[in-house]
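Indexing begins at 1, ligand by ligand and atom by atom, following the structure's order.
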Amino acid sequence: MKELIITDKQKYLDENYPFVGTPKLTDRLECIHCNSIFTVGDYKVYKIETGFEMICCPNAPECNGTLIDWIEIE
Ligand SMILES: [Zn+2]
């Protein structure tokens, strides 16, 4: 896995977020893998061997959570 450096993180998220309702970079969400609350703009992107780019938890690679593991803070 290779980390990609994203210059325009909002644009990247808008284009690659697979669900309805793309979060804003200033939103705060919780990663259910590492139980941390993070700011969306701190997300990381990793490219896996197949060429697929994964939007990951800011605590990657220590945390293997991706955006499907992000939940809203109650
Ligand atoms: Zn995490």
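Panel note: side chain Lys47, backbone Leu4; no donor-acceptor pair is recorded below 3.5 Å.
With rounding to the nearest 0.5 Å, the separation of CG in Leu25 from CD in Gln10 is 4.0 Å. Rounding to the nearest 0.5 Å gives a distance of 11.0 Å between SG of Cys56 and OH of Tyr43. Rounded to the nearest 0.5 Å, atoms CG (Leu13) and NZ (Lys24) are 11.5 Å apart.
With 2.8 Å as the limit, His33 does not count as an N, O or S neighbour of the Zn ion (ligand 1). Contact annotation: Cys31 places an N, O or S atom under 2.8 Å from the Zn ion (ligand 1).
Vertex the Zn ion (ligand 1); arms to Cys34 atom SG and Cys63 atom SG; angle 110° (nearest 10°).
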